[in-house]
Student: 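Would you mind keeping the following structure in view while I ask a few things?
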Amino acid sequence: GKIPTLKISLIQIFRAHLWQKIHESITMDIVQVFDQELDALEIESVQKETIHPRKSYKMNSSCADLVVFAAYKWPFSKPSLLHDTKDEYDTNTTNKYWLDIQLRWGDFDSHDIERYSRSKFLD
C-alpha cells in the first residue's frame, strides 16, 4: 500500500543524515556560484555559517546559512512577492545580506513559496 511505501521512503531519506547532506550540498553550491560571480554581483565575500544539525528539517525555526557581504552599499526594499512591480526603495542601504536555505517537500505546485518566504521574513 501507499502508507508502508511512504514510510520506507521517509526512513531512507532521514537515515545516515541524508536530508542534512542534501541541505549542505545545496548551500555549498550556492556559495560556489557567489564565489564565481563576486565582481559581477559586487560581492566582497560570502561567509558560510555553522548550521545546527536539525536545521534542515526543523521547519519552525530559521537561521542564516550564508551571509553575503557587499563591496558597496546595496539598497533594499520592504519584503514583497517576486512579481510585485511596485517595490519601494527609499534611502535604506546595507552591505550585509543573509540567506536562509530551507528544503521543503511535498507537492511543489501546492506550496506558495513566495508567500511562505515573505511570512518567514516578517516573523
Side-chain angles (χ1 to χ4, degrees):
K2 291 182 182 181
I3 298 297
T5 304
L6 181 61
K7 183 177 179 182
I8 291 168
S9 297
L10 291 175
I11 290 169
Q12 289 174 340
I13 288 171
F14 288 104
R15 182 186 298 140
H17 308 290
L18 180 60
W19 195 252
Q20 292 96 318
K21 289 175 185 175
I22 293 168
H23 181 266
E24 184 75 18
S25 175
I26 291 170
T27 302
M28 290 308 297
D29 287 347
I30 293 172
V31 169
Q32 287 178 343
V33 169
F34 280 143
D35 282 341
Q36 292 169 358
E37 301 295 331
L38 289 176
D39 292 335
L41 297 172
E42 298 179 343
I43 295 172
E44 185 175 309
S45 64
V46 179
Q47 176 181 317
K48 186 185 169 307
E49 297 293 305
T50 303
I51 305 302
H52 189 278
R54 289 193 298 270
K55 188 256 180 189
S56 62
Y57 58 85
K58 193 175 177 190
M59 296 300 180
N60 61 349
S61 66
S62 182
C63 64
D65 291 295
L66 306 173
V67 179
V68 179
F69 296 93
Y72 308 99
K73 294 277 189 178
W74 289 334
F76 65 92
S77 69
K78 292 180 181 175
S80 63
L81 298 179
L82 185 62
H83 299 291
D84 285 352
T85 57
K86 296 180 181 171
D87 288 332
E88 295 179 22
Y89 292 91
D90 48 23
T91 58
N92 294 329
T93 60
T94 186
N95 66 339
K96 187 188 318 185
Y97 277 81
W98 58 266
L99 280 79
D100 175 16
I101 300 162
Q102 292 191 354
L103 304 181
R104 302 289 305 255
W105 60 356
D107 181 4
F108 178 79
D109 294 329
S110 70
H111 294 299
D112 188 348
I113 198 65
E114 288 181 60
R115 292 195 191 287
Y116 173 78
S117 299
R118 184 168 190 254
S119 70
K120 292 303 276 182
F121 181 84
L122 294 173
D123 279 350

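Count residues from 1 along the sequence. Note that this is a predicted model, so its numbers are computed, not measured.
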Student: Can you name the nearest heavy-atom pair linking A64 to E49, along with the distance?
Tutor: O-CB, 3.5 Å

Student: Would you say L41 ends up clustered with V33 if hydrophobic residues are merged whenever their side chains have heavy atoms under 4.5 Å apart, either directly or through other cluster members?
Tutor: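 Different clusters: V33 never reaches L41 through Ile, Leu, Val, Met, Phe, Trp or Tyr contacts under 4.5 Å.
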
Student: Report whether V67 and F76 are members of the same hydrophobic cluster (ILVMFWY, side-chain heavy atoms less than 4.5 Å apart, transitive linking).
Tutor: no

Student: Give the minimum heavy-atom separation between D100 and C63, together with the two atoms involved.
Tutor: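 Shortest heavy-atom contact: OD1-O, 3.0 Å.
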
Student: Answer yes or no: is there a side-chain heavy-atom contact under 4.5 Å between D35 and V31?
Tutor: yes

Student: Indicate yes or no for a side-chain donor-acceptor contact from D65 to the backbone of I101 under 3.5 Å, with no hydrogens or angles considered.
Tutor: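 Yes; at least one donor-acceptor contact below 3.5 Å.
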
Student: Is the closest side-chain heavy-atom distance between F34 and I43 below 4.5 Å?
Tutor: yes

Student: Strictly below 4.0 Å, N to O, side chains only: are K96 and E44 in salt-bridge contact?
Tutor: no

Student: Minimum heavy-atom separation for E42 to W74, with atom names?
Tutor: O-CZ2, 3.4 Å

Student: Considering residues, nucleotides and ligands other than D39, do more than 12 of their heavy atoms fall under 6.0 Å from its CG?
Tutor: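 Not more than 12 within 6.0 Å, no.
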
Student: Please answer: with hydrophobic residues joined when any side-chain heavy atoms are less than 4.5 Å apart, are W98 and V46 in the same cluster?
Tutor: no

Student: Between E37 and Q32, is any pair of side-chain heavy atoms under 4.5 Å apart?
Tutor: no

Student: Starting from I26, can I reach V68 by hopping between I/L/V/M/F/W/Y residues whose side chains sit under 4.5 Å apart?
Tutor: yes

Student: Counting only N and O atoms by type, is there a donor-acceptor contact under 3.5 Å from the side chain of T27 to the main-chain atoms of H23?
Tutor: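 Between the backbone of H23 and the side chain of T27 there is a qualifying donor-acceptor contact (under 3.5 Å).
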
